[in-house]
Amino acid sequence: MPELLILIKGMMAAVRSVCFALGLLLVILYVFGIAFTQLCSGTPLEEDFDSVIRSMHTLLVYGALMDEVSSMIEQIEEVSVPILFLFYLFILLAALTVMNMLIGVICE
């Protein structure tokens with residue numbers, strides 16, 4: 001039973017830092033969602049990036065959570081290389097930086 005209390009105290013201590021890390025991820029998703037919505041209008045990528053909310057969802061699933069990221073990279077590469085570099089920048093910021101900060105906070 002004392003081990004459970006230690007785990008609960010640790011989780012409660014990390015709540016604030018986790019909220020800030022998730023807030024930073026939300027801001028990054030919003031900024032890149034706007035950029036992808038504007039840049040992909042009128043292209044074959046418009047079905048995945050037609051609104052800011054849909055763009056944020058697509059970026060979260062394919063970029064931050066890295067689910068089938070290679071298929072999204074191939075789709076973007078066929079349309080525009082500068083948009084591909086922007087997607088790589090998003091992966092660098094969201095998946096590698098913020099998500100690792102989140103893991104570090106939780107492990108601490």
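Because the structure is predicted, anything quoted here is derived from the model rather than measured.
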(request) Consider only side-chain heavy atoms of I, L, V, M, F, W and Y, link residues closer than 4.5 Å, and tell whether Leu89 and Phe85 are in one cluster. (result) yes

(message) Nearest 0.5 angstrom please: Leu59 CG to Asp48 CG, how far?
(response) 10.0 Å

(request) Kindly compute the distance separating CE (Met99) from CG (Leu93), expressed to the nearest 0.5 Å. (result) 13.5 Å

(request) Check Glu47 against Arg54 and note the closest heavy-atom contact, atom names and distance. (result) O-NE, 2.8 Å

(message) Are Asp50 and Thr37 packed together at the side-chain level, in the sense that at least one heavy-atom pair is separated by less than 4.5 angstrom?
(response) no

(message) Please say yes or no: joined through hydrophobic side-chain contacts below 4.5 Å, possibly via intermediate residues, are Val15 and Met101 part of one cluster?
(response) no

(request) Using modelled atom types only, decide if a donor and an acceptor are shared between the side chain of Glu46 and the backbone of Gly42 within a distance under 3.5 Å. (result) yes

(message) What I'd like to find out is whether the side chain of Met56 reaches to under 4.5 Å of the side chain of Leu26, using heavy atoms alone.
(response) yes

(message) Hydrophobic clustering (ILVMFWY, side-chain heavy atoms < 4.5 Å, transitive) - are Ile91 and Val27 grouped together?
(response) no

(request) Of all the heavy-atom pairs spanning Val98 and Leu24, show the shortest one and how long it is. (result) CG2-CD2, 4.0 Å

(request) Answer yes if Met1 and Ile6 sit in the same cluster of Ile, Leu, Val, Met, Phe, Trp and Tyr residues linked by side chain heavy atoms under 4.5 Å apart, and no otherwise. (result) no

(request) Check Ser55 against Gly33 and note the closest heavy-atom contact, atom names and distance. (result) CB-O, 3.5 Å

(message) Donor-acceptor pair, distance only, cut-off 3.5 Å: does the side chain of Thr97 make one with the backbone of Leu92?
(response) yes

(message) Hydrophobic cluster membership, with links at side-chain heavy-atom distances under 4.5 Å among I/L/V/M/F/W/Y: are Leu65 and Phe49 in one?
(response) yes

(message) Measuring from atom CG of Leu60 to atom CD1 of Ile28, what distance do you get when rounded to the nearest 0.5 angstrom?
(response) 12.0 Å

(request) Give, for atom CZ of Phe87 and atom CZ of Phe32, the distance between the pair rounded to the nearest 0.5 Å. (result) 10.5 Å

(message) Within this structure, what is the CZ-CD1 distance for the pair Phe90 and Ile83, rounded to the nearest 0.5 Å?
(response) 15.0 Å

(request) Considering non-hydrogen atoms only, spot the tightest contact between Leu39 and Thr43 and give its length. (result) O-CG2, 4.2 Å

(request) Apply side-chain contact (heavy atoms from CB on, under 4.5 Å) to the pair Met11 and Val18, showing each step before the final yes or no. (result) CA-CA 10 Å; Met11 288 189 324; Val18 168; over 6 Å; no

(request) List the steps, then state whether side-chain contact (heavy atoms from CB on, under 4.5 Å) holds for Met12 with Lys9. (result) CA-CA 5 Å; Met12 294 308 293; Lys9 286 179 184 178; 5.8 Å; no

(message) Testing the basics here: between Ala64 and Leu25, what is the closest heavy-atom pair and its distance to 0.1 Å?
(response) CB-CD1, 4.4 Å

(request) Starting at CD of Glu77, measure out to CD of Glu74 and round the result to the nearest 0.5 Å. (result) 7.5 Å

(request) Mind listing the closest non-hydrogen atom pair of Val69 and Tyr62 along with its distance? (result) CG2-O, 3.3 Å

(request) For the pair Ser71 (side chain) and Glu68 (backbone), establish whether a donor and an acceptor sit closer than 3.5 Å, ignoring hydrogens and angles. (result) yes

